[in-house]
J.: 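Following this message is one structure expressed as structure tokens.
We name chains A, B, ... by the order of the sequence lines, and we start the count at 1 in each one. Predicted model, so just to flag it, every value in this text is computed and none were measured.
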There are 2 protein chains.
Amino acid sequence: MEDSTQNRILDAAESLFIEFGYAGTSMRAITEKAGVNLAAINYHFGSKEGLFAATVHRRMASINSSRLSRLEALLNSETGASVEGILEAFFAPILPGKTQPELQRLIARIHAEPPALVGPILEQEFGDIVNRFISALQQVMPGVAKAKIAFQLNMSLGVMLQVMHAGPIVFTGITGMSHQQKMQQLMAFCSQGMKLLETPS
Amino acid sequence: MEDSTQNRILDAAESLFIEFGYAGTSMRAITEKAGVNLAAINYHFGSKEGLFAATVHRRMASINSSRLSRLEALLNSETGASVEGILEAFFAPILPGKTQPELQRLIARIHAEPPALVGPILEQEFGDIVNRFISALQQVMPGVAKAKIAFQLNMSLGVMLQVMHAGPIVFTGITGMSHQQKMQQLMAFCSQGMKLLETPS
DNA sequence: GTCTATATTGGGATAGAC
DNA sequence: GTCTATCCCAATATAGAC
């Protein structure tokens with residue numbers, strides 16, 4: 001919120017990491033864009049990797065608490081949880097919407113970086129959350145193997161990432177669609193695929 | 001096929017680009033892994049970018065001709081083309097299978113690189129192909145807007161990329177599934193989502 | 001076509017004054 | 001907490017001998 005040196009660095013780093021990736025972004029480029037001194041990154045974040053982890057954590061902290069509170073509300077509700085409800089609790093906080101347009105592009109970037117860099121970060125930021133949601137899905141679909149549920153959820157994440165994709169656009173001509181149309185198609189696509197598990201072949 | 005210097009460089013570059021990304025891979029690392037001289041890259045491929053484009057083209061050239069011949073066979077067949085048939089013609093040549101295990105990881109890597117790098121390459125390697133397939137889908141689904149078809153195809157590609165993913169894996173516990181199980185779920189997921197267009201809401 | 005050597009630039013990180 | 005200056009290393013690319 002405040003215009004501190006840390007936040008100036010985080011803002012500049014985020015946009016550059018999104019556009020050029022981690023390895024493609026230099027600390028000099030970050031500090032120049034932020035209007036701060038080169039040594040400020042090492043002073044405040046220890047290293048370039050520490051800065052990257054900090055940019056991720058800044059965005060994901062509030063997202064994950066939102067996910068958890070939505071899931072808790074579902075599980076404690078009168079009607080109980082459903083597949084669609086759980087999916088929505090997981091994806092709604094990161095759905096492209098009115099707020100934070102940078103969020104989706106950063107998430108897509110994270111998943112595009114080499115595992116050696118983001119593996120520990122993903123484990124830290126998503127480890128608990130993912131297990132909680134898979135457990136919830138298992139309770140709703142008791143007959144389905146855990147691996148199948150995880151695989152299906154992984155595919156849904158892939159759809160999300162592709163739609164969020166700030167990266168190269170293979171299919172042109174999508175520009176004619178409204179934002180609402182896209183979101184409608186996206187949620188229908190994922191929930192339709194997820195429903196396949198309920199009628200095992 | 002042959003063990004020429006060019007192919008030694010291409011093999012080494014491919015595996016390193018997959019693992020560390022374009023910017024995260026140095027020409028020194030490539031030439032050392034290939035067992036060739038540092039200057040060989042510039043001599044044979046002009047530049048690091050030229051080498052990257054060559055690695056992509058080597059894999060995609062045969063893939064795209066396979067896609068086109070499959071599509072032609074469909075359009076000229078007695079029964080005519082169907083949505084599933086067109087989708088299969090597009091995705092089957094890159095489906096994870098017995099051969100070329102590096103292919104999927106490279107494709108995932110391509111789509112993870114910054115647009116400034118891979119934009120021109122994607123245009124060159126995929127531009128014609130994508131237009132041909134979208135036109136074919138339009139003929140099979142006359143009432144559906146082109147943008148919606150392209151968007152749906154884009155989401156299907158996202159599922160493919162996530163399953164192929166060379167990158168970080170958020171959902172663990174998928175290891176218990178057989179290869180056939182994964183492919184079955186993947187194709188069911190995509191075709192089920194694609195079918196939504198035939199019954200417009 | 002392949003090598004050595006090098007030119008040139010930019011990278012991350014740190015020491016120490018202020 | 002911020003700055004300058006610098007260390008040390010790695011990067012891409014090329015020139016020129018073989």
J.: Taking CG from Leu16(B) and P from dT12(D), how many angstroms apart are they, rounded to a whole number?
T.: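 The answer, rounded to whole Å, is 12 Å.
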
J.: From CG of Asp3(A) over to C1' of dG1(D), roughly how many Å is that when rounded to an integer?
T.: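 To the nearest whole Å, that distance equals 16 Å.
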
J.: Nearest whole Å is fine: how far is dC3(D) C1' from His44(A) NE2?
T.: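 One finds 12 Å between C1' of dC3(D) and NE2 of His44(A), rounded.
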
J.: If a protein heavy atom is under 4.0 Å from the base, mark B; if only from the sugar-phosphate, S; if neither, -; do that for nucleotides 12-18 of chain C going 5' to 3'.
T.: BBB----

J.: Partners of Arg59(B) by salt bridge (charged side-chain N to carboxylate O under 4.0 Å, His left out), sequence neighbours excluded?
T.: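 Glu14(B).
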
J.: Which residue pairs pass the side-chain hydrogen bond (donor to acceptor under 3.5 Å, both in side chains) test when at least one of the two sits in residues 113-133 of chain A, sequence neighbours left out?
T.: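 As it turns out, the side-chain hydrogen bond (donor to acceptor under 3.5 Å, both in side chains) pairs with a partner in residues 113-133 of chain A, which skip direct neighbours, are His57(A)-Glu125(A), Glu72(A)-Arg132(A).
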
J.: Suppose we screen for side chain to side chain contact (heavy atoms under 4.5 Å, CB included). Which residues come up paired with Ser26(B), at least two apart in sequence or across chains?
T.: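 Checked Ser26(B) against side chain to side chain contact (heavy atoms under 4.5 Å, CB included); matches are Arg28(B), Ala29(B).
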
J.: Under the side chain to side chain donor-acceptor pair (under 3.5 Å) test, which residues partner Ser15(A), sequence neighbours left out?
T.: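 Per chain and number, Ser15(A) pairs via side chain to side chain donor-acceptor pair (under 3.5 Å) with Lys33(A).
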
J.: Using the test side chain to side chain contact (heavy atoms under 4.5 Å, CB included), find all partners of Ala188(A) that sit at least two apart in sequence or belong to another chain.
T.: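 Scan of Ala188(A) (side chain to side chain contact (heavy atoms under 4.5 Å, CB included), adjacent residues dropped) gives Leu196(B).
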
J.: Over how many whole Å does the gap from Glu32(A) atom CD to dT2(D) atom P extend?
T.: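 Taking CD of Glu32(A) and P of dT2(D), I get 18 Å after rounding.
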
J.: May I have the step-by-step check of side-chain contact (heavy atoms from CB on, under 4.5 Å) for Val118(B) and Val56(B), ending in yes or no?
T.: CA-CA 10 Å; Val118(B) 293; Val56(B) 175; over 6 Å; no

